[in-house]
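Structure first, commentary second.
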Amino acid sequence: MSQEAIYLPSPEFVSQANVKGMEGYRALYQQALDDPEKFWGNLAETELHWFQKFDKVLDWSEAPFAKWFVGGKTNVCYNCVDRHLNTDRKNKAAIIFEGEPGDQRVITYQELHRLVSRFANVLKGRGLQAGDRSIIYMPMIPEAAIAMLACARIGVIHSVVFGGFSAEALKTRIQDLNAQVVITADGGWRRAKEVRLKDAVDEAVKDCPSVANVIVYKRTGSAVPMDPHRDHWWHDLDEGVSEDCPAVPLDSEHPLYVLYTSGTTGKPKGILHTTAGYLLQAAMTVKWVFDMKEQDTYWCSADIGWVTGHSYIVYGPLAVGATNIMYEGAPDTPAFDRWWRIIDKYKVSIFYTSPTAIRALIRQGDHWPKAHNLASLRLLGSVGEPINPAAWEWYHSVIGKNRCPIVDTWWQTETGAIMIAPMPGAVPLKPGSGTLPMPGVVPEIVDLKGNPVPDGNEGYMILHKPWPSMLRTLWGDPDRYKEAYWSKLEGIYFTGDAARRDKDGYYWILGRVDDVMNVSGHRLSTMEVESALVRHPHVAEAAVVGKPHEITGQAVCCFVTLKKGVDQKHDELGKELRQWVAHEIGAFARPEEIRFTDVLPKTRSGKIMRRLLREIVTSNTVGGDVTTLEDMSVLTRLASQNDED
Ligand code: WTA
């Protein structure tokens with residue numbers, strides 16, 4: 001082992017762990033490496049319920065279009081809900097919900113079954129059937145999970161759109177999917193204000209003729225206009241509906257959901273996940289990485305609108321019969337100790353959050369967590385971006401009291417499940433490293449030609465083998481799927497992340513190598529923000545880069561040239577453009593900085609030199625080779641004209 005800080009799992013943790021010691025980890029990893037089909041086939045048989053057994057584990061003959069558990073029939077909702085009902089879990093809490101205003105609900109597995117079955121019947125009553133598409137645009141309330149599970153129960157493909165996305169972003173997703181139904185709420189609570197979701201839906205569906213039904217859950221009780229032909233209150237449709245709705249046996253490869261994520265163009269990618277393989281790997285990683293036990297109270301603070309919410313609030317934890325905490329609102333409402341209060345109140349034992357949140361909470365001071373009893377915690381997790389060692393140490397000592405291992409989990413919307421992370425009772429931790437790959441995951445660090453780089457050197461991270469929870473394609477765009485992931489190095493999955501592997505085989509993720517920013521752990525493409533900016537009537541051209549940011553990891557920084565004749569004051573227009581982007585994409589995309597300039601630095605062939613812009617925002621100095629620049633003076637002007645508002 002090398003000289004950096006290393007944290008060994010404590011003997012107490014190891015003795016109770018699902019995977020004990022490095023031998024335990026290595027044995028699993030080796031089995032999966034030696035015979036992946038046998039490894040996953042055995043797990044699929046023992047860990048999932050099948051209406052009909054599969055006859056082939058993997059069909060990779062049409063690579064990169066994988067088929068897992070071919071010929072099998074199962075149902076994700078059945079696995080997450082029904083099969084627990086004949087066990088001691090019947091009356092166990094599946095979801096413990098706390099609303100931002102302080103309201104609480106405890107939903108047992110039995111109750112979840114009732115609510116999901118009823119809502120599945122509501123959907124059927126609206127004419128929906130297997131293969132149809134629903135959009136779920138909800139606050140973080142149990143009905144978001146209920147809607148997802150109800151869709152899965154009858155084979156309706158869902159697409160959850162994060163409640164922070166704008167009407168415009170919602171519209172493009174509805175249109176791309178040709179969705180028949182939108183499931184939403186009047187609004188939700190965030191920072192003691194109502195986030196009005198139904199208003200955004202109304203604006204979005206104006207241009208979405210495919211949407212025949214909008215189902216509205218009453219959460220805030222504020223007045224919302226209802227279109228008598230299209231809109232229905234959830235509680236009205238639910239009245240008198242049957243509680244009997246058998247889960248439909250679906251093909252292993254039946255599409256479960258589409259989740260949009262940013263790519264390198266302006267158009268988001270609809271990542272498609274299917275049924276059996278996705279669920280199996282989500283469930284297994286809950287056992288391996290979160291070391292889940294029957295008595296755990298588990299809390300993942302992500303929003304259900306991101307993949308973390310799909311795999312590690314809904315599908316993975318429920319598949320293994322865990323108790324989930326779900327919290328609706330902001331961490332600082334009413335005060336900065338809200339999260340620590342929740343952990344203390346419900347005796348949370350496993351807590352999973354993002355480095356951005358950790359850094360923001362560090363800034364508020366240690367007195368907030370110190371005012372609460374966090375002794376129930378036994379394991380902590382991190383996801384979404386690299387965690388800097390200082391934040392790691394704080395999380396470990398102030399929150400985990402030097403007792404709780406931290407699992408730093410690297411994965412992507414595309415991978416469906418955690419790919420690189422420590423098994424906490426086995427793998428020694430190094431702050432800032434995701435440590436070692438999960439069984440069945442074969443990463444490598446390579447150069448642009450695909451040659452492995454020596455340990456310790458930076459390179460591109462690739463994944464060698466297909467895995468059960470991998471994305472199957474991009475919705476409606478198989479060519480882009482091949483192009484975006486499998487063509488940089490022919491036939492090999494390109495993660496888009498730079499990384500290095502140290503001499504102990506540990507992976508250190510360094511960040512994206514493409515034009516994708518990571519703002520507060522949310523993926524955002526530079527192109528998406530650029531196209532939003534150039535839709536503004538005053539903007540001629542825009543170039544957007546990520547700028548290092550103390551709290552959010554990266555912040556959005558925009559270089560803008562204006563159309564001739566625009567003479568609005570820069571500080572005013574800067575404000576307007578920041579608001580414009582928030583309106584076009586969502587508040588989380590609001591630029592930190594708008595810099596106005598006469599011209600953008602371009603190569604002779606007319607390509608914007610983003611590398612230079614990145615250097616400008618990072619250091620305000622420019623080095624390297626700039627001989628291809630059309631106009632050197634542009635650079636100096638850019639660096640000095642800093643019109644932040
Ligand atoms: C980054 C979120 C370092 C990475 C689950 C990846 C991370 C992108 C980590 C996927 C981590 C995620 N350490 N970087 N533990 N987790 N990333 O699709 O750049 O929203 O490619 O999935 O986030 O983001 P996505």
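The figures here come from the full heavy-atom set of this structure, side chains too, leaving out hydrogens, waters and symmetry mates. When a ligand or atom number is given, it counts from 1 through the structure's own listing order. Model, not experiment: these values are computed from the prediction.
When each atom of ligand 1 is checked for a heavy atom of N518 under 4.0 Å away, the hits are 1 (C), 23 (O).
Nearest protein heavy-atom contact of atom 9 (C) of ligand 1 is E385 N, 3.5 Å. At the top of the distance list for atom 24 (O) of ligand 1, counting protein heavy atoms only, stands R523 CD, 3.1 Å. Atom 1 (C) of ligand 1 has G384 O, 3.3 Å as its closest protein atom, hydrogens excluded (heavy atom only). Of the protein's heavy atoms, P386 N, 3.1 Å lies nearest to atom 3 (C) of ligand 1. The single protein non-hydrogen atom nearest to atom 19 (O) of ligand 1 is D497 OD1, 2.7 Å, given as residue, atom name and distance.
Side-chain rings of W486 and Y493 approach one another, their centers coming within less than 6.0 Å. Taking the six-membered ring where the residue is Trp, the centroids of H273 and H158 are separated by 6.0 Å or more. Between Y298 and F351, a ring centre-to-centre spacing not shorter than 6.0 Å is recorded.
Ligand 1 does not have W306 within reach: every non-hydrogen atom of the residue lies 4.0 Å or more from it.
The shortest N/O to N/O separation between T308 and ligand 1 does not fall below 3.5 Å. Taking only nitrogen or oxygen atoms, main chain and side chain alike, V383 does not reach within less than 3.5 Å of ligand 1. For ligand 1, the polar-atom distance check against D408 finds a nitrogen or oxygen pair separated by under 3.5 Å. When only interatomic distances are considered, the shortest N/O to N/O separation between Q412 and ligand 1 falls below 3.5 Å. At least one N or O atom of T413 sits closer than 3.5 Å to an N or O atom of ligand 1.
Of the candidates W411, Y312, W410, Y507, the one placing a heavy atom closest to atom 10 (C) of ligand 1 is W411.
W299 and Y327 have perpendicular rings, their planes meeting at more than 60° on a 0 to 90° scale where under 30° would count as parallel. Ring pair W40/W68 is perpendicular by interplanar angle, where above 60° counts as perpendicular and below 30° as parallel.
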Let me see the working for M438 and M419 under side-chain contact (heavy atoms from CB on, under 4.5 Å), right down to the final yes or no. CA-CA 5 Å; M438 288 285 106; M419 298 277 105; 5.7 Å; no
Under the side-chain contact (heavy atoms from CB on, under 4.5 Å) criterion, do F162 and L259 qualify, and how do the steps go? CA-CA 10 Å; F162 171 52; L259 187 60; over 6 Å; no
Derivation of the side-chain contact (heavy atoms from CB on, under 4.5 Å) call for W508 and W410: CA-CA 10 Å; W508 299 77; W410 177 86; over 6 Å; no
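The OG1 atom of T415 lies 9.5 Å from the CD1 atom of I420; values are rounded to the nearest 0.5 Å.
The backbone of T409, and not its side chain, has at least one atom closer than 4.0 Å to an atom of ligand 1 (non-hydrogen atoms only; backbone = N, CA, C, O). Proximity of I509 to ligand 1, defined as any heavy-atom pair under 4.0 Å, is confined to the side chain (atoms from C-beta onward).
Within the 4.5 Å cutoff, no side-chain heavy atoms of S134 are placed close to those of I157.
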